[in-house]
Amino acid sequence: MGKLVVLTVLGASLALIGERLLAFRERINATRELEPVELQNCHLIEGLENGSEDIDILPSGLAFISNGLKYPGMPDLAPDASGKIYLMDLNEQNPRAQALKISDGFDEKFFNPHGISTFIDKDHTVYLYVVNHPHMKSTVEIFKFEEQQRSLIHLKTIKHELLKSVNDIVVLGPEQFYATRDHYFTTYFLALLEMILDLHWTHVIFYSPKEVKVVAKGFNSANGITASLDHKYIYVADITDKNIHILEKHDNWDLTQLKVIQLGTLVDNLTVDPDTGDILAGCHPNAMKLLNYNPEDPPGSEVLRIQNVLSDQPRVSTIYANNGSVLQGTSVASVYHGKILIGTVFHKALYCVL
């Protein structure tokens with residue numbers, strides 16, 4: 001009788017695991033092939049060869065780009081290189097990427113930048129907030145941008161027990177930001193198992209010096225985050241659920257979900273078009289090719305534009321789609337006055353004039 005019970009439990013467990021694996025393959029679009037949508041007037045950005053995971057463009061046209069992310073399970077084309085922040089001036093006729101110098105006292109050896117967000121203070125000082133993963137932990141680094149010197153002055157490192165597995169960040173006030181947690185577990189095996197089992201244990205955190213709290217939960221893997229132009233709404237990408245959550249921000253920083261925009265692709269980072277308020281989403285059309293990287297059959301790239309975000313019928317269109325022959329593993333796209341930058345988790349970056 002005991003052996004029968006063991007065999008029954010084992011059989012049921014294997015059946016459950018098999019069902020979950022099949023469902024996981026479907027969620028990550030393991031069999032999807034991409035129809036190309038190419039942009040004209042494009043070129044790869046010299047110097048950005050090993051990632052441009054997140055991009056934030058100032059109203060002045062200066063673009064900050066995070067480079068060199070080391071992320072468990074993702075390809076790494078430059079394992080010995082430390083992370084950097086690059087700057088591009090999109091007002092120039094032929095903009096180039098320039099690595100920003102970082103002030104003495106900051107340990108650049110273990111700089112592993114992920115999501116980034118800028119904040120401009122009342123005195124017009126520009127601050128750059130960077131999600132950092134030194135030793136695969138999570139911190140938020142605050143830098144002051146010195147435009148004339150093209151440098152970053154490190155001001156502060158933020159750590160908190162709720163700031164674990166942080167992916168992205170959007171800053172809305174001095175040391176006031178929302179951050180996404182993309183995995184509940186912090187080890188790669190358990191994090192992968194978490195996604196396969198479809199646990200929905202990740203969330204959005206609000207941080208300030210006075211209060212830190214979870215303000216939205218129930219995500220499979222909360223990823224990119226940004227705010228509407230008027231800062232009344234917060235947009236959150238759930239990468240493995242292939243959707244974008246639209247949340248209303250309250251005076252106490254709590255968030256209330258208004259709607260979910262379901263998409264057919266895995267949504268990574270989000271930005272907002274400063275001219276229209278549309279959402280631009282960097283997406284992974286087939287995440288299996290990311291998890292099981294093969295340079296002969298690389299992961300593709302996809303960029304979506306979502307218009308009329310708050311309406312009952314948002315309009316979704318594809319701006320760019322490539323099978324990996326040009327750009328692999330797109331994570332972000334950001335526009336500025338008819339120009340677009342498209343970044344990747346581990347690969348190159350593309351600049352186009354629309």
Side-chain angles (χ1 to χ4, degrees), residues 51-58 63-71 83-86 106 111-121 126-134 136-145 152 154-183 186 202-209 211-217 219 221-229 231 233-239 244-245 247 249 253-255 267-272 279-282 331-334 343 345:
S52 40
E53 204 279 338
D54 204 6
I55 298 169
D56 200 345
I57 304 177
L58 295 175
F64 295 92
I65 305 168
S66 65
N67 163 264
L69 173 66
K70 309 288 191 288
Y71 191 85
K84 293 180 173 62
I85 300 294
Y86 280 82
F106 180 75
F111 191 33
N112 189 11
H114 201 163
I116 62 175
S117 181
T118 56
F119 174 71
I120 304 175
D121 214 338
V126 175
Y127 297 92
L128 180 69
Y129 288 62
V130 180
V131 175
N132 187 22
H133 301 297
M136 294 303 168
K137 306 295 183 182
S138 288
T139 64
V140 174
E141 312 293 345
I142 305 177
F143 298 93
K144 179 183 176 183
F145 174 54
L152 295 171
H154 184 250
L155 301 178
K156 187 175 184 178
T157 297
I158 295 176
K159 300 178 182 179
H160 193 275
E161 59 183 9
L162 287 180
L163 292 173
K164 294 180 180 179
S165 296
V166 180
N167 185 294
D168 198 12
I169 183 175
V170 59
V171 184
L172 299 181
E175 293 190 41
Q176 295 173 314
F177 58 81
Y178 293 105
T180 54
R181 179 171 182 169
D182 60 11
H183 293 96
T186 55
T202 71
H203 48 246
V204 177
I205 302 124
F206 168 70
Y207 177 92
S208 74
E211 182 180 30
V212 185
K213 59 184 178 179
V214 174
V215 289
K217 54 187 178 181
F219 300 90
S221 181
N223 200 289
I225 186 169
T226 192
S228 61
L229 295 178
H231 291 180
Y233 303 96
I234 300 298
Y235 307 143
V236 180
D238 189 331
I239 187 167
I244 298 173
H245 293 244
L247 304 119
K249 182 174 74 69
W253 300 93
D254 285 348
L255 300 175
V267 192
D268 202 320
N269 287 325
L270 308 174
T271 64
V272 172
I279 295 175
L280 278 82
S331 55
V332 65
S334 192
V345 178

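When reading the values below, keep in mind they use all heavy atoms of this one structure, side chains included, and skip hydrogens, waters and symmetry mates.
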Those residues that, when tested against N67, pass side-chain hydrogen bond (donor to acceptor under 3.5 Å, both in side chains) (two or more places apart):
N50
Hey, are the side chains of D268 and E53 touching, using non-hydrogen atoms and a 4.5 Å cut-off?
yes
With a 4.5 Å heavy-atom cut-off, do V130 and F111 have their side chains touching?
yes
Per the ring pair (Phe, Tyr, Trp, His ring centres under 6.0 Å) rule, which among Y86, F145, Y129 passes with F64?
F145
Note, S208 side chain near E175 side chain (heavy atom, < 4.5 Å):
no
Let me see the working for T118 and D56 under side chain to side chain donor-acceptor pair (under 3.5 Å), right down to the final yes or no.
CA-CA 7 Å; T118 56; D56 200 345; 3.2 Å; yes
Any D182 side-chain heavy atom under 4.5 Å of T202 side chain:
no
Given side chains that start at C-beta, do those of F177 and I142 come closer than 4.5 Å, heavy atoms only?
no
Check for a donor-acceptor pair, side chain of T139 on one end and backbone N or O of K159 on the other, with a separation under 3.5 Å.
no
More than 12 foreign heavy atoms under 6.0 Å from NZ of K213: is that the case here?
yes
Answer whether the closest heavy-atom distance between the side chains of V214 and R181 falls below 4.5 Å.
no
Closest heavy-atom pair, A281 versus L270, reported as atoms and distance to 0.1 Å, is CB-CD2, 3.8 Å
Is the ring pair W253/F206 parallel, tilted or perpendicular, if the boundaries are 30 and 60 degrees?
parallel
